[in-house]
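Let me begin by presenting the structure, written as C-alpha cells, before commenting on it.
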Amino acid sequence: MAYDAQEVETRWQKAWADARAFEAEIDHSKPKFYCLEMFPYPSGSMHMGHVRNYSIGDAMARFHRLMGSNVLYPMGYDSFGMPAENAAKKDGGHPHTVTHRNISSIRADQERMGYSYDWRRFFATSDVDYYRWNQQMFLMLNEQGLVEHKMAPVNWCVDCDTVLANEQVKNNRCWRCGLEVVQRDMMQWFLRMTEYSDELLEELENIVFPENVKAMQRNWIGRSHGTHIDFPIVGSEASIGTFTTRPDTIFGVTFVTLSPEHPLCEELCAGTEWEADWRELRDECVRMSEFERINMLKEKKGVFLGRHAVNPLNGEEVPIYAGNFVVASYGTGAVMAVPGHDQRDYDFAERYGIEIRRVLIERAGDDPASPLSEAFEGYGPMVNSGRDEFDGLTGDEAKDTVTGALQATGAGYGTIEYRLKDWGVSRQRFWGTPIPMIHCEACGTVPVPVADLPIELPLDVTFSEEQGGNPLATHDAFVNTSCPSCGNAAKRETDTMDTFYDSSWYFMRFCDATNENAPFSREAADYWMSGGVDLYIGGIEHAVMHLLYARFFTKATRDAGMNEVGEPFGTLVCQGMLNAPAPFCANCNAEYHVDNFGADCPTCGEPLGTRSAKMGKSLGNTVSPGDMIGRYGADTVRLFILYGANPEAGMDWSDTALEANHRQMYTIIDAIDSALAMDESPGPMDDWLLARLRTNQHAWREAMGGVSLREGVMVSHFEMVSDWNWYRRRGGCDRATARAFLGGWVPMLAPATPHIAEEFWQKMGGEGMLATLVLPDIDESGDKTVLAREAYLRTVIRTARNLRGLAERHTEGEISRVVFQTAAAWKAELARDAIQLHLENFDFKTQGQAHVQSLPIFENETLRGDIFQIWMALTAGSKKKLGRIHTWSDGERTLISSGFDEAAVLNANTDFLATELEVDSVDAYPVGEGEDVAGKARVAFPLEPGIAFL
RNA sequence: GCAGAGGUGGCGGAGUGGUUAACGCGCUGGGCUGAGGGCCCAGUCCUUAGUGGAUCGCAGGUUCGAAUCCUGUCCUCUGCACCA
C-alpha cells in the first residue's frame, strides 16, 4: 500500500470531526472516564513536550473509548499571563490579539496531530465567558470567609513588576524570569488556603499521586507539632512568643533569638547603644542577595538587643538576641535557643560566649554534669531541670509534661505550625482577571454585587515598552466607578488575579463548559468529577503550585455546595523529561548550545563530547513537531513518542529511532496488506494465530489500563507483527482467519496510531469507525494448549539449531538428516504424576522417594537408576536448576498432563523442520521405537527430545 | 543536611527469588526475494574452533538458588533547606 501520511491523516481528522466522534455527554449507563492534560499556556506553537503530553492523553482517551467508557477529553487554554502582555508591550498591540493569534496556532497544531478532543468544550481563560466565573467565585469565597485583604510583606519581582506567591519564588528568584526577588509591604488579596492545611496534608494518603509529588506537597505544607511558649520581657509588659518542637529542652534555654525583622526588635533596643548594630543586621538581611545570603548563612550571626527575657518555668533571665538565621515568616519569628540540644544554637552560643547547658542525657544513668562538645539533638531523660517532677522524663512524656506545666500557668500551650502560607492572589498586571472589589472612602472595601459582573478588561488600552506599572491603574474609565453601598464616587481595585487561580477549577468548567448561568452545574461536575479526574497528565513542575491550589479550590467549592468531590485528581501521571543530545564538556561538567557541536569547550578548550540534556531553547537542542509531522506524519511521531519510553520515564530524542518507527509503520502496512490478500485456505496454524491474538489482546489491555503505554504499544505494534510473520512462515494463509485476526488487531493500533488504524479498518470493511468502536470481552479458554504446542516446536527448532553448529564440527560429511527421539512413555508418565502431586501440595522432600518406590514401573530393575534421576530432575532439580514442575509454564504442564504426543507433532511438521534446520529428512519417534541414534535416547526428557544430526 | 527517585550488554530500556536478561535501536556477517524501508539466521563482555568463563554501581549477608530479599558503601538526578 502506498502510504501518504499527510493525506490519510488529514482525511480522517476531517471524518472524525464530521461524525462528531469525540463529543461526550453525561450518560449514567456507562462508566465515565475523565482524561485531562495539564492546562497549556498558548505560547505560539506546540513544542515536543506538549506532543508527548497529549500523545499520552489521547492514547489513553482512545483506549478507554474502545473499552466502553464514556470519555471526557477536553482541551482549552490558560491564556492569561505575562508573556502576552509583554509581547503586546513590545509590538504595541493588545494582549487579547496576541493571545488569540497564539491560540489559533497551537490549536491547529493539535488538530494536525489528530488528538481526539471534544472541541465543543474548548475555552480560553482570558475570555470574559470564563473569567466572569473567576469573579463570581471570588465573591463566593469572600462570603465563605476565605478572602482576606491585608498589608503584608510580599515577594516583589522588579522585572515582572508584580508580586509573587511564596511558591513562585525559587532560590530567592522569580520562577518566571529568574530575577532576584525583593521584599515589599503592600495591601494584598489573600485566599485562606491554610484553613485547609490539615485536609490538604491528610488526604494525600488517599490519592494516587507519584511519591515524589506527595513528598513535595507534604514538605511544602510542613506541619509540625510543638509548643508555643511566651517569654516575658524583663521590665516590659510585652513578651516574646516562641514556637518549639522540643519543649523537653526548655530548661536548657540560655538565650532567646528574634528574627531581625521581628517588630519587637526595634521596641527593645530603640535609643540604646544596641540599636545601630541591630539596624545594620536587619538591613543586611532584608536586602541580602542570594549570593551574599549563602555565604552569610554559613556563619550564624547575631546582635544582643540589650534586654532579657524570663524563662517561664524556672524564672531565669536570659539575654535576647536578633539572629540572621531566624526566619521571620515561620512560626512566630522567634525561637528559644537551647545550645546544648540544637546544633545551630550551639554554634551561635559558642561564637558569642553564651552558656551551653546539658538538660538531657543520652541514656539513663549517664552523668548529668558531663560536658557537651556538640549539641545532643536526640531524645533522652531530662536532667538539671531543678524540679523533681521533670527529671527522668523522656520524649513525648517529657514534652507533654512541660507543655502541661506551661499551660497551667498560662505561659504556653500545645500547638501546630505550618510552613504553608495563605495564597496571595493579587498581581499588579493587566492581563488577568480583575478582582471584583471597589474601594470607597466612606464604606471601605466593598465587593461588587454579583449582578454587576463581569468586570471586563478594557480593550482600549495601548501598550508600550516605556510604560511601567499596571495599565489598568491609569485607565480612568475602568478605575472610576460608584460605590455599590453608598452610591458615591469610588475606585475599582486594579489588581488582577494570579493565573494559578484560573487553573484551579478549569477542570470543573470542562464538565459543563457552555453553562451561561453558573461556573458549572452540580450535576455535570458530580458525574464527571466523581472520584476525581481519572487520569491527569502533566509535568512535575506543577507538583506543588498548581496541584495544591486546585486541591484547595475543589475543597472550597465543595464546602460551598458546588460539587461533591474534595480531591480533584484521582490518578496523576507526571511525564518524564524530553531530552536531546547537546554538546557537553566532561571537564567543566557543562552543557553548551548545539552551535558548539564538534567544537572545543569555550571554557577549557578541550574537545566537546555529547550528552543528553533537557530539550530547551537555551541549548537549542529542540525539535520542531511541525517538521517531524511534515516529514513522517503524525502517526509516526506518536508511535515514536509512546514507544520511546513509558510516560513517567525520561526519554531521549533520536532521529534514528524515529526513522525506525517510521519503517515499522511500513512493516505494519505490509503485514496488513498481506492479510487482506489471502484466499480461503484453512490450515493447522489458524487456531494458533487466533490464540496468540487473544493472548496479546489480554496483555495489551492490562498494559494500557495501567498507563504502561510502552508495553501496550510493544504488543500492538510489534508483537502482533511478529506473530503474523510466524503464522505466514508456518504456512498460514486463510482469509477468514486473517480477517478475524485483523478484527482484533486493527483496533489495538488505534490509540497510538489512530489514522492508519482507521484507514485499515475501512479497508477491511470494519463496521462504523474505529473512533467510536467498543471492543467485546475476550475468551482465552483453551488457548494455552494450542500456544504451548507451537512454543514446543519453536523451542525444539531453536535447540536443534544450536546443536547443529556443534554437529557440523563433529561430522565428517554433509549433514542431511536429523533424528528426534522423544522421551519414553514412562518418563512422560512420571512427569504427569509429578505435576499432579505438585498441584496437591505433595511434600516431595520427605515423601518423594517412597512414592517413586511404590510405583509399578519401579519393579523394572534395569530402569531404577534412570527413574530416580528423572524423578529428581522433575521435582528437585540441581543446584543450578529448579525442578521442572516448578519451571514449566502453565501451558507446558497442561500439554504434558493431556498426554501430548511429541513425536506426532514433530512428524506432522517434518517439512517445516527440514527447511528450518536445513536437512533433507526428519525422523521422530519415542525412545525405543527406533534405533538409538548417537546415544541420544539417554538425554530425552519430556518436552526436550534427544536430537542427533547425521 | 533532609526527603524522593534511580544505578542492568555498544545504546534505550524490560525484568522484584527459579533455565545468566524481554523488546527495540545501532553495528557486523550470512541466507531468502525480480525488487523493496520486506522476511529469516548468527554475532556484537572475556575465552575457545566441541558446547568454557564472567556479568545487572561496589562490598558483605540470607537462600538449594539473587539483577530480584537484607546490611553497609559509592555515585547520579529531582525537590526542600539555618523551619525552631
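These figures come from a predicted structure and were not determined experimentally.
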Original post:
What integer number of Å spans the P atoms of G37(B) and U48(B)?
Top reply: 38 Å
Subject >> Pairwise C1' distance, U8(B) and G12(B) [rounded to whole Å] >> reply: 12 Å
Original post:
Between Thr245(A) and Ser224(A), is any side-chain donor less than 3.5 angstrom from a side-chain acceptor?
Top reply: no
Original post:
When you compare U47(B) with U62(B), how far apart are their P atoms, in angstrom units rounded to a whole number?
Top reply: 34 Å
Original post:
Stepwise, does the side-chain contact (heavy atoms from CB on, under 4.5 Å) test hold for Leu793(A) with Phe912(A)?
Top reply: CA-CA 10 Å; Leu793(A) 196 70; Phe912(A) 182 65; 4.3 Å; yes
**OP:** Indicate, with a heavy-atom threshold strictly under 4.0 Å, whether Arg710(A) touches base, sugar-phosphate, or nothing.
**Re:** base
Subject >> Stacked cation flag Arg710(A) on Tyr643(A), 6.0 angstrom / 45 deg >> reply: yes
Original post:
What nucleic acid atoms does Ala657(A) come within less than 4.0 Å of, heavy atoms only: base, sugar-phosphate, or nothing?
Top reply: nothing
Subject >> Any-strand Watson-Crick or G-U partner of A5(B), both distances under 3.5 Å >> reply: U76(B)
Original post:
NA contact type, Asn725(A), heavy-atom cut-off 4.0 Å: base, sugar-phosphate, or nothing?
Top reply: sugar-phosphate
Subject >> G7(B) to C70(B) separation - P atoms, rounded to the nearest Å >> reply: 15 Å
Subject >> Leu204(A) backbone acceptor or donor facing Lys214(A) side chain under 3.5 Å >> reply: yes
Original post:
Which listed nucleotide (A84(B), G24(B), G37(B)) is nearest to the side chain of Tyr643(A)?
Top reply: G24(B)
**OP:** When you get a sec, tell me which of G24(B), C82(B), C39(B) is the closest nucleotide to the side chain of Thr667(A)?
**Re:** C39(B)
Original post:
Atom CH2 of Trp700(A) to atom P of A22(B): distance rounded to whole Å?
Top reply: 26 Å
Subject >> Any Arg419(A) side-chain nitrogen or oxygen under 4.0 Å from OP1 or OP2 of C2(B) >> reply: no
Original post:
In whole Å, what is the span from the CD atom of Glu374(A) to the P atom of G1(B)?
Top reply: 14 Å
Subject >> Residue Asn219(A), side-chain heavy atoms: nucleotide from C25(B), A84(B), G79(B) that is nearest >> reply: G79(B)
Subject >> C1'-based separation of A21(B) from G15(B) [nearest Å] >> reply: 7 Å
**OP:** Ignoring hydrogens and angles, state whether a donor on the side chain of Thr636(A) or His662(A) is under 3.5 Å from an acceptor on the partner side chain.
**Re:** yes
Original post:
Considering only side-chain heavy atoms of Thr656(A), which listed nucleotide, C25(B), C83(B), G24(B), is closest?
Top reply: C25(B)
**OP:** Just name whichever nucleotide pairs with C56(B), Watson-Crick or G-U, keeping both distances under 3.5 Å, else none.
**Re:** none
**OP:** Go through C82(B), C83(B), C23(B) for me and flag the one nearest to the Asn324(A) side chain.
**Re:** C82(B)
Subject >> Pairwise 5' ranking along RNA chain B for Glu211(A) and Tyr330(A), keeping only the more 5' one >> reply: Glu211(A)
Original post:
Taking the C1' atom of each, how far is U73(B) from C25(B), in whole Å?
Top reply: 34 Å
Subject >> Mate of C27(B) where both pairing distances stay under 3.5 Å, Watson-Crick or G-U >> reply: G43(B)
Subject >> Most 5' of Glu916(A) and Gly644(A) on RNA chain B, judged by nearest nucleotide >> reply: Gly644(A)
Subject >> Nearest-nucleotide pick for Met216(A), side chain only, options being G38(B), C25(B), G79(B) >> reply: G79(B)
**OP:** Using atom CD of Glu918(A) as one end and atom C1' of C32(B) as the other, report the distance to the nearest whole Å.
**Re:** 11 Å
Original post:
So, Thr753(A) and His717(A): side-chain donor and acceptor under 3.5 Å apart, yes or no?
Top reply: yes
Subject >> Arg729(A), nearest nucleotide to its side chain (from A84(B), C40(B), C23(B)) >> reply: C40(B)
Subject >> Rounded C1' spacing from G72(B) to G18(B) in Å >> reply: 27 Å
**OP:** Could you work out the separation of U33(B) and C39(B) based on their C1' atoms and round it to a whole Å?
**Re:** 9 Å
**OP:** Side chain of Asn212(A) only, please: which of A84(B), G4(B), C23(B) is the nearest?
**Re:** G4(B)
**OP:** Would you indicate what Val326(A) reaches in the nucleic acid, counting non-hydrogen atoms under 4.0 angstrom: base, sugar-phosphate, or nothing?
**Re:** base
**OP:** Please work out whether G15(B) sits syn or anti, treating a glycosidic angle within 90° of 0 as syn.
**Re:** anti
**OP:** Round to a whole Å and report the spacing from CD1 of Ile416(A) to P of A84(B).
**Re:** 14 Å
Original post:
Centre of Trp724(A)'s six-membered ring, under 6.0 Å away, within 45 degrees of the axis: is that where NZ or CZ of Arg729(A) sits?
Top reply: no
